[in-house]
Amino acid sequence: MHWAEHTARTIIERQPDKEIYVCAAGISPSGPVHIGNFREVVTTYFVARALQDLGKRVRFLFSWDDYDRFRKVPADVDQAFARYIGMSYSAVPAPDGSGTSYAMYFEQQFETMLAAFEITPDYRYQHENYTSGIYAEQIIHAFRQRHAIYDILSEYKTAAGSDAEREAFYPATVYCAVCGTDATTIDAFDEAKATYHYSCHCGYTATVDMRTEHRMKLNWKVDWAMRWAHEGVDFEPGGKDHSAANGSYTVSSRIAQEIFRQPAPLYLPYEFIRLKGETKKMSSSSGGVLTPQDLLHVYPPSLLLFLFAKHRPNHAFHIGLDEDVLRNYSEFERFVSRPTRQSDEIQQSLRWSHHTNAHPVSFTQLTMIGPMVDFDPELIENVFHEIIPTEQIARAHYFVTQWCPERELQINSEPDYELYAQLTETDRDWIQRFVAALREDEDVLNAFYRLTRQSEKKETLRLQKYYATLLYRLTIQKSFGPRIPLLIETIGRGQVCSLLDFSKEMIIEVSRKSADPS
């Protein structure tokens, strides 16, 4: 059974009579939303799809935690933005000076990207929810229960608390009405009137009616529990660190049950995704992250969805933009071409990936043929005798030029006499016989197999590999390349014959120069 279906069935078992199940995810727009954050969204998406497949109604909520404080300037954002630290993301200007907010700048990027995956959740913008007063009564309730909340939080801290600390504790911070930062202190709370008094480092003080003025944000673990109760959340995934013994989910679950009288949702911890070769987890606030948009330059949305669907959330995996790309493509192409031969889990992952029919040409072959014809779509189609989607050609071009330049195969402009001079008579004879077959218009594959066929299969395979490599070296100066028929088709029989046609005079001259460098 697919992990998402197993999770969905567990959700139903917990509340079998619920009319609409709520699946939630949330991200703070601290910077570009990276591929690690994306795992939270797609994990929720797959569970929601599994619930729907089981005939259940589902709401897929996605919360932008854009009322969180701006705490750190990412490396790739102007460091002058340090003056906004302490303000909410929704109050900080966009890094490109476009006139929108910092939060909206990154939110719009991510939402546009999600649409490419056909993922369309019900978005929640927490700065709107908080400042509109939707949470006012829950916040007042949390303030009235602040000492009980303090006691729960204290159970999960290593440092001992004190009566004074408990008395001064409030489960929220306030954004100052003058300077906009959270450099504030709540000095008093009137439980009967639901008012509080705060002072700010900028010198401003005020008494605020919690039902009419909304500049307050609950602290994270209280906020999470409150929103579970407010939305009636049944499922939400999160990083594995949140489910540690003293992690956010553990603590928020207690607060949800004991303060807000709401059972905690089913929680599915996921492992972090790392860039190949990196040991640190990705962080939007640190900058230099790999985003889903970056991957979409190389992968189609369906393949990326498949990668996340087939890996159980508690399994870590790395994403590299090197030869791993070709391995991922090859696996996906194999599964798509023969879906009914795959396991139930793979078939389910394929269905949820929105895949269509397999591309007629493998991505690996495209990355080898493309550079040889300068990625010209018409020439590529002439080689393969297939219509290739332009976006797939663009992905191959981007991958080769940006991430794997060693695959930029170029056709030799003249015969490689120096290499030919090093060959044995047996090899030279083989080349001449292969050229003769090309000139006689023999089928390329038949000719190649005929000239490498031996009585022992093992020896045949060895010769096929050896002479294929030799043909690559003599025509494109690489030890690898496309299938031999495609190589000949791309270069053209006439030009291949010219590159493999060596005059004795030139060979003697090259040999003489090699023996006498002076």
Side-chain angles (χ1 to χ4, degrees), residues 26 28 30 65 67-72 85-89 126 130-131 135-211 213-230 238-239 241-262 264 267 285:
S28 177
S30 57
D65 294 326
Y67 208 48
D68 288 358
R69 74 188 303 268
F70 182 54
R71 60 182 181 83
K72 181 181 179 182
I85 288 177
M87 300 174 71
S88 75
Y89 289 119
Q126 291 306 319
Y130 269 99
T131 58
Y135 299 145
E137 291 304 321
Q138 285 98 329
I139 295 173
I140 293 170
H141 176 70
F143 264 56
R144 289 171 174 163
Q145 297 293 317
R146 65 190 184 280
H147 293 141
I149 292 173
Y150 176 88
D151 292 340
I152 293 172
L153 294 172
S154 295
E155 289 186 37
Y156 297 91
K157 292 181 178 179
T158 54
S162 66
D163 290 342
E165 183 182 75
R166 185 174 187 269
E167 186 58 35
F169 171 77
Y170 293 98
T173 55
V174 178
Y175 289 111
C176 178
V178 174
C179 71
T181 73
D182 64 349
T184 58
T185 302
I186 299 174
D187 305 307
F189 169 62
D190 188 316
E191 188 170 317
K193 295 180 180 180
T195 62
Y196 66 91
H197 184 274
Y198 78 95
S199 56
C200 181
H201 286 189
C202 73
Y204 181 74
T205 64
T207 298
V208 178
D209 185 332
M210 299 174 75
R211 291 191 171 91
E213 186 174 337
H214 313 292
R215 307 187 61 84
M216 180 177 286
K217 166 72 167 58
L218 287 174
N219 298 339
W220 160 236
K221 293 171 185 176
V222 184
D223 167 80
W224 206 13
M226 179 274 293
R227 282 192 273 153
W228 289 339
H230 183 81
D241 52 340
H242 287 330
S243 57
N246 59 346
S248 298
Y249 175 74
T250 305
V251 179
S252 294
S253 297
R254 287 277 308 278
I255 295 172
Q257 294 164 6
E258 298 176 27
I259 305 301
F260 295 104
R261 304 304 176 190
Q262 168 76 17
Y267 183 77
S285 61

Pair Tyr204-Cys179, side-chain contact (heavy atoms from CB on, under 4.5 Å): steps then yes or no
CA-CA 9 Å; Tyr204 181 74; Cys179 71; over 6 Å; no
Compare all side-chain heavy atoms of [X] with those of [Y] and state whether any distance is below 4.5 angstrom.
X      : Y      : result
His147 : Glu167 : yes
His141 : Ile259 : yes
Ile186 : Arg146 : no

Can you give me the closest heavy-atom contact between [X] and [Y], atom names plus distance?
X      : Y      : result
Asn246 : Val251 : O-CG2, 3.9 Å
Ala225 : Ser252 : CB-O, 3.4 Å
Ala142 : Pro171 : O-CG, 3.8 Å
Arg144 : Ala194 : NH2-CB, 4.4 Å

In Å, rounded to the nearest 0.5 Å, how long is the span from [atom1] of [X] to [atom2] of [Y]?
X      : Y      : atom1 : atom2 : answer
Ile139 : Met210 : CD1   : CE    : 6.0 Å
Leu153 : Arg254 : CG    : CZ    : 9.5 Å
Asp68  : Trp220 : CG    : CH2   : 8.0 Å
Tyr170 : Asp187 : OH    : CG    : 8.0 Å
Ile255 : Lys221 : CD1   : NZ    : 8.0 Å
His201 : Thr185 : NE2   : OG1   : 5.0 Å

May I have the step-by-step check of side-chain contact (heavy atoms from CB on, under 4.5 Å) for Thr250 and Tyr267, ending in yes or no?
CA-CA 10 Å; Thr250 305; Tyr267 183 77; over 6 Å; no
Is it the case that the side chain of [X] and the backbone of [Y] share a donor-acceptor pair, with hydrogens and angles ignored and the cut-off at 3.5 Å?
X      : Y      : result
Arg211 : Ala136 : no
Arg69  : Ile85  : no
Ser154 : Tyr150 : yes

Ring centres under 6.0 Å, that's the criterion: do Trp228 and Tyr249 meet it?
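Judged by ring-centre distance (under 6.0 Å), Trp228 and Tyr249 do meet the cut-off.
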Not counting sequence neighbours, list each pair that qualifies as a ring-ring contact (aromatic ring centres under 6.0 Å, His included) and has a residue in residues 181-200.
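Sorted result for residues 181-200: Phe143-Phe189.
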Stepwise, does the side-chain contact (heavy atoms from CB on, under 4.5 Å) test hold for Arg215 with Val208?
CA-CA 9 Å; Arg215 307 187 61 84; Val208 178; over 6 Å; no
Those residues that, when tested against Tyr67, pass ring pair (Phe, Tyr, Trp, His ring centres under 6.0 Å) (two or more places apart)
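Partners of Tyr67 under the ring pair (Phe, Tyr, Trp, His ring centres under 6.0 Å) test: Tyr130, Tyr175.
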What's the verdict on side-chain contact (heavy atoms from CB on, under 4.5 Å) for Leu218 and Gln138, showing C-alpha distance, side-chain angles and the deciding distance?
CA-CA 10 Å; Leu218 287 174; Gln138 285 98 329; 5.6 Å; no
NZ/NE/NH1/NH2 to OD/OE distance under 4.0 Å, Lys193 and Asp209
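Result for this pair is no, no salt bridge flagged.
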Would you say the side-chain atoms of Tyr135 and Gln126 include a donor-acceptor pair closer than 3.5 Å?
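The criterion, which ignores hydrogens and geometry beyond distance, is satisfied for Gln126 and Tyr135.
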Ser248 and Trp224: side-chain donor and acceptor closer than 3.5 Å?
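There is no such pair between these side chains.
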